[in-house]
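The figures that follow rest on heavy atoms only: side chains count, while hydrogens, waters and symmetry mates do not. Values in this document were obtained by computation on a predicted structure and should not be read as measured data.
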Amino acid sequence: MKTDNTRIYKISFASVYLHYIAKAEKKGRTKAEVDEIIFWVTGYDSEKLQKIIDHKVDFETFFAEAHINPNVSKITGVICGYRVEEIEDGLMQKIRYLDKLIDELAKGKSMDKILRK
C-alpha cells in the first residue's frame with residue numbers, strides 16, 4: 001500500500017520535537033535523552049539542533065542535511081502499524097526510525113539498547 005506522505009515531510013521538525021519531549025517526560029525520561037537519540041540518528045549536535053528548531057526546518061530538510069547513523073538498520077519492529085525495516089520510502093523510514101526510538105525511550109528501555117550498543 002502506497003500512501004501520500006508529502007504532508008508530513010513539510011511539517012516543521014520543531015513542532016514534532018515538542019511532542020517527543022512531552023512523551024518522554026510523561027514517562028519519567030528527559031529532554032537530554034531525546035536529544036541524545038536525535039544526535040545518534042542524525043549526527044547533529046545541540047547547536048545544529050537548536051538552529052533547526054529556531055528556523056522551523058521541515059522533516060524533509062531535517063533528514064536531507066543529516067548524516068544518518070549506519071546502525072539505524074539495526075532498528076526493527078512495528079511503529080504506527082508498519083514494520084520499520086520494511087518501509088520502502090526512505091524519508092518515511094527515517095522519520096519512523098526516530099519515532100520508534102522515542103517510543104522505546106518512553107517504554108523504559110535503556111539508552112544502550114535504544115542506541116543499539
Distance check, rounded to the nearest 0.5 Å: [X] atom [atom1] versus [Y] atom [atom2]?
X	Y	atom1	atom2	value
Ile8	Asp58	CD1	CG	11.0 Å
Leu101	Leu115	CG	CG	7.5 Å
Ile102	Ile37	CD1	CD1	4.0 Å
Ile52	Ser12	CD1	OG	11.0 Å
Gln93	Lys100	CD	NZ	13.0 Å

Residue pair Ala24 / Val34: nearest heavy atoms and the distance that separates them: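 Nearest pair, atom of Ala24 first, then Val34: CB-CG2, 3.5 Å.
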Nearest atoms (heavy-atom pairs only) where Val78 meets Arg83: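 In this case the closest contact between Val78 and Arg83 is CG2-NH1, 3.4 Å.
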If you look only at distance, which donor and acceptor atoms sit under 3.5 Å apart when one is on a side chain in residues 105-113 and the other is two or more places apart or in another chain?
{"from": "Ser110", "atom 1": "OG", "to": "Lys113", "atom 2": "N", "distance (Å)": "3.3"}

Lys/Arg-Asp/Glu bridge criterion (N-O < 4.0 Å) met for Lys51, Asp54: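 Looking at Asp54 together with Lys51, the answer is no, because their closest N to O distance does not fall below 4.0 Å.
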For [X], enumerate each residue passing the salt bridge (Lys or Arg N to Asp or Glu O under 4.0 Å) test, keeping only those at least two apart in sequence or located in another chain.
X	answer
Glu65	Lys48
Glu88	none
Lys23	Asp103
Glu36	none

Could you pull out all residues at least two apart from [X] that satisfy side-chain hydrogen bond (donor to acceptor under 3.5 Å, both in side chains)?
X	result
Ser46	none
Thr76	none
Lys31	Tyr17, Asp35
Glu33	Arg29, Thr30

Residue pairs fulfilling ring-ring contact (aromatic ring centres under 6.0 Å, His included) with at least one residue in residues 55-76, sequence neighbours excluded: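 Of all non-adjacent pairs touching residues 55-76, those that pass ring-ring contact (aromatic ring centres under 6.0 Å, His included) are Phe13-Phe59, Phe13-Phe62, Tyr44-Phe62.
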Short side-chain to backbone donor-acceptor contact, [X] and [Y], under 3.5 Å:
X	Y	value
Thr61	Val57	no
Glu85	Gly77	yes
Asn71	Lys74	no

Counterpart residues, side chain to side chain contact (heavy atoms under 4.5 Å, CB included), relative to Ser73 (two or more places apart):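 For Ser73 there are no side chain to side chain contact (heavy atoms under 4.5 Å, CB included) partners, ignoring immediate neighbours.
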side-chain contact (heavy atoms from CB on, under 4.5 Å) assessment of Arg116 paired with Ile75: CA-CA 8 Å; Arg116 308 309 195 247; Ile75 302 168; 3.7 Å; yes
Path from Ile68 to Trp40 over hydrophobic side-chain contacts below 4.5 Å: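 Both belong to a single hydrophobic cluster.
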Listed partners of Tyr20 passing ring pair (Phe, Tyr, Trp, His ring centres under 6.0 Å), at least two apart: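 Applying ring pair (Phe, Tyr, Trp, His ring centres under 6.0 Å) to Tyr20 gives none.
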Any Val41 side-chain heavy atom under 4.5 Å of Asn69 side chain: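 Side-chain contact under 4.5 Å: no.
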4.5 Å side-chain heavy-atom contact, Leu91 and Glu60: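 The answer is yes; the side chains approach within 4.5 Å.
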